[in-house]
Amino acid sequence: MKMTFNDFIKKVFFVEIAKGLALTMKELFTPAVTRQYPKEKRNPFPGARALHALVRSDVTGEAKCVGCGLCAAVCPSKCIHIYTTEGSDTMKVVNRYEIDVLRCVFCAFCVEACPFGAIALTDHFEYSGYSREEFHYTKERLLENWDKYMAGDKGKIYFERFWGPKEKDIAHSKPSVAAGGGA
Amino acid sequence: MEPLEIAEKLKREFANEVVDISEFRGQVSVTVKRERILDICRFLKSASEIEMDYLADLCGVDYPERRFRFEVVYNLYSIPHRHAIRLKALLPGDAPTIESVTPIWKGAEWHEREAYDMFGIVFNSHPDHRRILMPDTWDGYPLRKDYPLKGRDTSDYKEFNEAKLLHTHDDEWNIDSSF
Amino acid sequence: MTIEKTEANGRLKAEELTLNMGPQHPATHGVLRLVLELDGETVVKCTPHIGYLHRGVEKLSEHSTYFQVLPLTDRLDYISSMSNNIGYCTAVERLFGIEAPERALYIRTMTGEMARILSHLLWLATHALDIGAMTVFLYCFREREKLVDLFERLCGARLTVTYPRIGGVKNDVTDEWLDSLFEFTEEFPGRIAEYETLIDRNRIWLQRTKGIGVISAEEAVNRGLSGPTLRGSGVAYDVRKYMPYGVYDRLEWEVPIGKNGDVYDRYRVRMEEFRQSNSIIRQCIERIPSGPILADEPKFVLPAKERVLNDMEHLVQQFILMTKGPQTAPKGDVYVATEVPKGELGYYIISDGTGKPYRMRVRAPSFVHVAALPGLCEGNLIADVIANIGSIDIVLGECDR
């Protein structure tokens with residue numbers, strides 16, 4: 001096979017392998033991009049979808065959830081269980097609100113479906129346990145999650161930026177009748 | 001060529017076989033009887049101006065309340081001419097058999113195996129007619145409308161029972177395998 | 001029972017060895033079982049067995065509303081989940097007869113190309129790792145980390161994003177996010193050049209990939225291959241050019257094709273697709289218009305959260321869409337194909353007028369490519385099986401559904 005002198009030099013002196021080795025040698029002296037987890041941790045970005053929390057209302061101090069059941073209806077993996085009864089003043093009382101976190105796929109449809117903004121997905125992802133029962137989160141533990149992981153302004157920012165379609169997101173070609181005319 | 005023109009041409013060529021032509025969102029479906037499906041597909045593949053050389057998809061559909069319970073749907077595309085058409089072959093529920101189109105498009109082989117596996121549609125002269133996604137010894141056809149979503153209680157899959165046998169001594173030996 | 005070791009004329013008896021490349025194997029990129037019958041080192045027969053990751057997506061979709069099917073489609077090709085979602089939303093929008101607004105189409109195109117880069121990076125990393133070039137693996141994952149961080153900032157999840165919605169996308173992109181993405185596209189061509197320095201001219205790589213797994217153009221079309229696997233054989237079929245969706249028909253980009261149809265050409269096609277995807281993302285960032293991101297279709301799209309608690313009509317709309325699905329879906333069927341990184345992903349959806357699809361068929365490219373694997377492997381050496389599996393770029397999640 002005819003080979004030019006150039007090709008011959010490249011073949012005998014392993015030129016392309018040397019170029020590859022030069023690249024890896026250069027990378028040897030650049031700072032490493034790996035992070036030594038768990039010694040160095042990065043905070044997840046706001047809006048990360050991890051452990052659930054039931055929102056505590058600022059006004060009443062109780063959960064905002066009224067038990068409408070939209071989150072349970074829309075959940076693709078059927079991991080939310082809600083049990084309600086009628087209270088003394090004919091208002092709905094949420095007796096049990098349970099989320100089976102191990103079944104959850106963290107799609108955040110429950111957040112999008114809730115009309116009241118009563119459930120949120122915090123960015124806390126480092127939870128682990130020794131049994132399957134402890135991942136069956138009850139209403140009290142979910143409210144605790146809200147106090148622990150969405151304290152202060154974090155909750156407000158979450159609902160401003162990551163909750164459902166907002167007015168500005170939807171195209172309005174026709175003036176909306178329900179808003180009394182005008183876009 | 002417009003998809004409706006292809007459908008018309010097919011109807012002229014196979015007047016007895018074509019049952020219905022319908023259009024929805026710009027996509028044309030031609031419903032045919034299953035007897036001469038090989039001739040129809042050969043015509044569509046080799047006729048000049050049509051040349052459907054690419055079988056995009058082959059699947060089965062189950063309509064339990066119809067007289068012809070099953071349908072085999074062929075989604076065809078032509079790379080040189082950039083047009084598409086859909087063929088639907090009608091199959092009765094009690095003996096759903098149809099000729100395999102693997103001699104025409106080799107890619108149909110696995111799609112037909114999946115239609116057999118999921119619906120029980122038998123493809124005559126298929127080179128490798130067996131189940132593909134479910135285990136080989138499975139009993140039942142999962143995508144039929146009368147097959148329940150969570151599977152049947154009667155053990156279709158004998159190995160589930162064998163897995164339960166593994167847990168008979170759990171209490172004695174203090175093993176925690178709660179689900 | 002004595003085993004005959006010699007034949008009648010005194011020579012040693014030789015048989016074919018049946019080797020099980022079992023479902024758990026690092027080179028099969030998923031749970032794929034290959035039963036190989038070997039004569040020495042030559043593969044005489046290769047039988048793939050799939051179904052180890054079958055989760056019943058098609059059956060589940062018959063019992064879920066159109067909205068609830070979206071996370072199921074995420075998990076088909078879990079490496080580039082954004083592209084499966086985009087394909088599903090495009091198909092359902094065509095079925096319902098609605099259109100997403102301009103900005104949403106630009107965002108979908110951008111994120112679809114990001115998913116393409118992600119998938120090709122993983123393909124390059126694992127393909128090179130299987131053949132023996134281990135450095136490329138870590139370099140590719142460095143780039144993947146940056147893109148996956150961008151996804152996390154956008155929608156909260158790194159892998160299974162569930163970001164597009166029927167009628168648009170879930171939330172808007174911010175200018176800071178677009179700036180970070182632009183920075184990524186500035187440095188990415190340098191990285192592609194790095195990967196090529198490491199393997200493109202390397203004599204070991206050339207010997208392992210040139211002339212291996214050749215498939216001719218007619219046979220590839222006959223077997224239904226698509227994507228870079230088909231384009232390596234010289235057929236310029238790309239769904240983004242033939243049946244455009246999104247904004248692909250308004251941008252300037254090319255389809256790379258190969259010549260010989262061997263593993264090396266498929267590798268070159270995907271390396272060129274890196275550059276084309278990079279260019280598409282840059283054009284989208286420059287041209288993205290401002291505007292809404294969800295269509296004005298109250299029958300199919302959720303209402304704004306400010307209105308839900310104030311108007312009865314919007315509250316009812318929210319309830320019906322979330323519990324029962326779109327009640328005014330038209331009856332009919334569509335087949336819509338989109339170009340995912342692996343090939344042509346087709347959704348054939350039949351609607352019967354209720355809020356749940358009557359039948360959703362997912363035409364997965366990996367399914368068709370695994371079917372073509374015996375044709376590539378038989379008659380060649382066993383080491384080429386690994387190169388072939390890498391070059392057809394399969395993901396078993398998509399293959400088994």
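Order of the sequence lines sets the chain letters (A, B, ...), proteins ahead of strands, with each chain counted from 1.
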Donor on one side chain, acceptor on other, C:E344 and B:Y77, under 3.5 Å:
no

Counting only heavy atoms from other residues, nucleotides and ligands, does the tally under 6.0 Å from NZ of C:K259 exceed 12?
no

Heavy atom to heavy atom, less than 4.5 Å: which residues from residues 88-98 of chain C reach chain B?
C:R94, C:L95, C:F96, C:G97

Which atoms of C:Y52 approach chain B - backbone, side chain, both or neither, heavy atom under 4.5 Å
neither

Engaged part of B:D62 at the chain C interface, taking heavy atoms whose separation is under 4.5 Å
backbone

Contact origin within B:E109 toward chain C - heavy atom pairs under 4.5 Å
neither

I need the minimum non-hydrogen distance between C:K331 and B:F24, along with the two atoms involved.
O-CE1, 3.5 Å

Mind checking whether B:W110 and C:P48 have side chains closer than 4.5 Å, heavy atoms only?
yes

Any salt bridge linking B:K145 with C:E62? Criterion: basic side-chain nitrogen under 4.0 Å from a carboxylate oxygen.
yes

Can you tell which of B:I132, B:L55, B:D117, B:D136 has the highest number of heavy-atom pairs within less than 4.5 Å of chain C?
B:I132

Run the ring pair (Phe, Tyr, Trp, His ring centres under 6.0 Å) test against C:F67 and tell me which residues pass, sequence neighbours left out.
A:F109

Tabulate, in ascending numerical order, the residues of residues 87-103 of chain B having at least one heavy atom closer than 4.5 Å to a heavy atom of chain C, or enter 'none'.
B:K88

Closest contact, heavy atoms only, B:I79 versus C:Y242
O-CE2, 3.4 Å

Do the side chains of C:V235 and B:Y54 get nearer than 4.5 Å, heavy atoms only?
no

If you check every heavy atom in residues 29-48 of chain B against those of chain C, which residues fall under 4.5 Å?
B:S29, B:K45

Just so I know, are the side chains of B:M118 and C:R361 near enough to count as touching, which here means a heavy-atom distance under 4.5 Å?
no

If you compare all heavy atoms of C:R359 against all heavy atoms of B:G60, which two are closest, and at what distance to 0.1 Å?
NE-O, 2.8 Å

Charged N to carboxylate O below 4.0 Å: is that the case for B:R86 and C:D333?
yes

Side-chain heavy atoms of C:K59 within contact of B:Y147, under 4.5 Å:
yes

B:E114 and C:F367, any side-chain heavy atoms less than 4.5 Å apart
yes

Looking at C:Q327, I want to see if its CD is surrounded by more than 12 non-hydrogen atoms of other residues, nucleotides or ligands under 6.0 Å.
yes

